[in-house]
Amino acid sequence: MHPASMIVLLVVITLLGLAVGSFLNVVIHRVPRGESVVSPPSRCPACAAPIRPWHNVPVVSWLALRGRCAGCGTRISVRYPLVELATGGVFAALAVRLAATDQLGAVPAMAYFAALGIALAMIDIDVRRLPNALVLPSYPVVALLLVAASAVHGDWSALGRAGLGAAALFAFFLAVALLYPGGMGMGDVKLAGLLGGVLAYLSWSTVIIGTFTGFLLGALLGVAVMLVRRGERRTAVPFGPFMIAGGLLAVFAAAPLADLYLSMLSA
């Protein structure tokens, strides 16, 4: 892709990511409560005053308002602009990564999964749950976006690999959940199918590295929590964020991570 075209693409996709991040804040707040994400319009949780359009510009409005509601002055969590920045940054990074591997057609599918992953990670941290209302409808959405990506690139083997990866990772997580019920929830199992499909579309190594990295990150935090809390093993640690983080890290660095793990095993 021509450098000028790439710059335009990055600007557009970053702005799109910021806007999507703003919507994700609504999703993160409302979906666990069983509320509609479209009605009523965005309001201050404290005073219920509608948020004016010029106070709803991603990141900029939060900075201009100094992190407070324009109506009642209640403090607005810094997590709101961070979610927006993270979404915009991940969207841009995905575009760069997929352009480098001649897979730009997969940007919509990967961006959708990244946005879903950010929302699910925040919800899992908040309420220890991965809502079916987000996970299950994402299966047909991701499938259609991957079909479109395969059509753009004429690479139908990648689509077949995605289907196999989705089934394989779903089956693996289901087996783990059945063998060790206290260690993994069915929400993680349902998410695993999506994760396997998206990562396998890129390559088998991406699936393997992403899965292993997720388990490694979860294990490291689990050990840290046990040490801080003096060996208490019953502390609940949500696994969804680690699955998503491991998957995204594999998208960007599957090969270097594989080399790192192999060097650690051979040391």
Side-chain angles (χ1 to χ4, degrees), residues 10-96 110-131 133-134 187 191 214 217-218 220-222 224-225 228-229 235-249 251-252:
L10 287 178
V11 171
V12 170
I13 200 167
T14 300
L15 292 175
L16 175 62
L18 290 170
V20 170
S22 181
F23 177 68
L24 292 183
N25 282 318
V26 178
V27 172
I28 293 165
H29 178 76
R30 295 189 183 184
V31 168
R33 295 169 172 79
E35 301 172 357
S36 169
V37 298
V38 295
S39 180
S42 296
R43 299 173 178 271
C44 171
C47 67
I51 297 177
R52 300 174 179 86
W54 53 90
H55 289 158
N56 208 20
V57 180
V59 182
V60 175
S61 292
W62 188 90
L63 293 172
L65 294 170
R66 298 182 180 181
R68 294 186 179 276
C69 171
C72 65
T74 299
R75 186 172 295 279
I76 303 171
S77 172
V78 71
R79 190 168 82 171
Y80 284 85
L82 290 180
V83 166
E84 294 164 352
L85 285 170
T87 308
V90 170
F91 274 30
L94 283 170
V96 171
M110 298 299 162
Y112 176 87
F113 180 78
L116 174 71
I118 290 170
L120 288 175
M122 294 297 100
I123 292 172
D124 205 10
I125 290 170
D126 288 344
V127 300
R128 303 292 193 270
R129 185 162 57 89
L130 298 169
L134 293 179
L191 176 59
L217 292 174
L220 290 174
L221 181 66
V225 169
V228 169
R229 302 195 177 188
T235 302
V237 177
F239 189 52
F242 300 107
M243 295 172 64
I244 294 157
L248 289 176
L249 283 172
V251 170
F252 295 111

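- Minimum heavy-atom separation, T14 to A92: OG1-CB, 3.3 Å.
- Using a 4.5 Å heavy-atom threshold, the side chains of V37 and F23 count as touching.
- Taking CE of M110 as the start and CG of L248 as the end, the distance is 10.0 Å to the nearest 0.5 Å.
- Judged purely by atom type and a 3.5 angstrom limit, D124 uses its side chain to pair as donor or acceptor with the backbone of G240.
- When all heavy atoms of I244 and A121 are compared, the pair lying nearest together is CD1-N, 4.0 Å.
- You'll find the side chain of V20 reaches within 4.5 Å of the side chain of F91, heavy atoms only.
- Closest of all the heavy-atom pairs between T87 and G21 is OG1-CA, 3.6 Å.
- Closest approach of S22 and P58 over heavy atoms only: CB-CG, 4.0 Å.
- If you take CG on L221 and CZ on F239, they are separated by 11.0 Å, rounding to the nearest 0.5 Å.
- Note: Y80 OH to I28 CD1 = 8.5 Å, rounded to the nearest 0.5 Å.
- Between L120 and L191, the closest side-chain pair of non-hydrogen atoms falls below 4.5 Å.
- Contacts classified as salt bridge (Lys or Arg N to Asp or Glu O under 4.0 Å) and involving residues 72-96 (residues at least two apart or in different chains) are given here: R79-D126.
- If you take CG on L94 and CD1 on I13, they are separated by 7.0 Å, rounding to the nearest 0.5 Å.
- Pairing each heavy atom of V90 with each of A114, the nearest pair is CG1-CB, 3.7 Å.
- Note: S42 OG to N25 CG = 9.0 Å, rounded to the nearest 0.5 Å.
- Within the structure, the side-chain hydrogen bond (donor to acceptor under 3.5 Å, both in side chains) test picks out no pair touching residues 43-69 (sequence neighbours left out).
- Remark: side-chain polar atoms of S36 are paired, donor with acceptor, to backbone N or O of S39 under 3.5 angstrom.
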**Request:** Give the C-alpha distance, both sets of side-chain angles, the deciding distance and a yes or no for side chain to side chain contact (heavy atoms under 4.5 Å, CB included) between I125 and M122.
**Result:** CA-CA 5 Å; I125 290 170; M122 294 297 100; 3.9 Å; yes

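- The nearest pair of heavy atoms linking I123 to P32 is CG2-CG, 3.7 Å.
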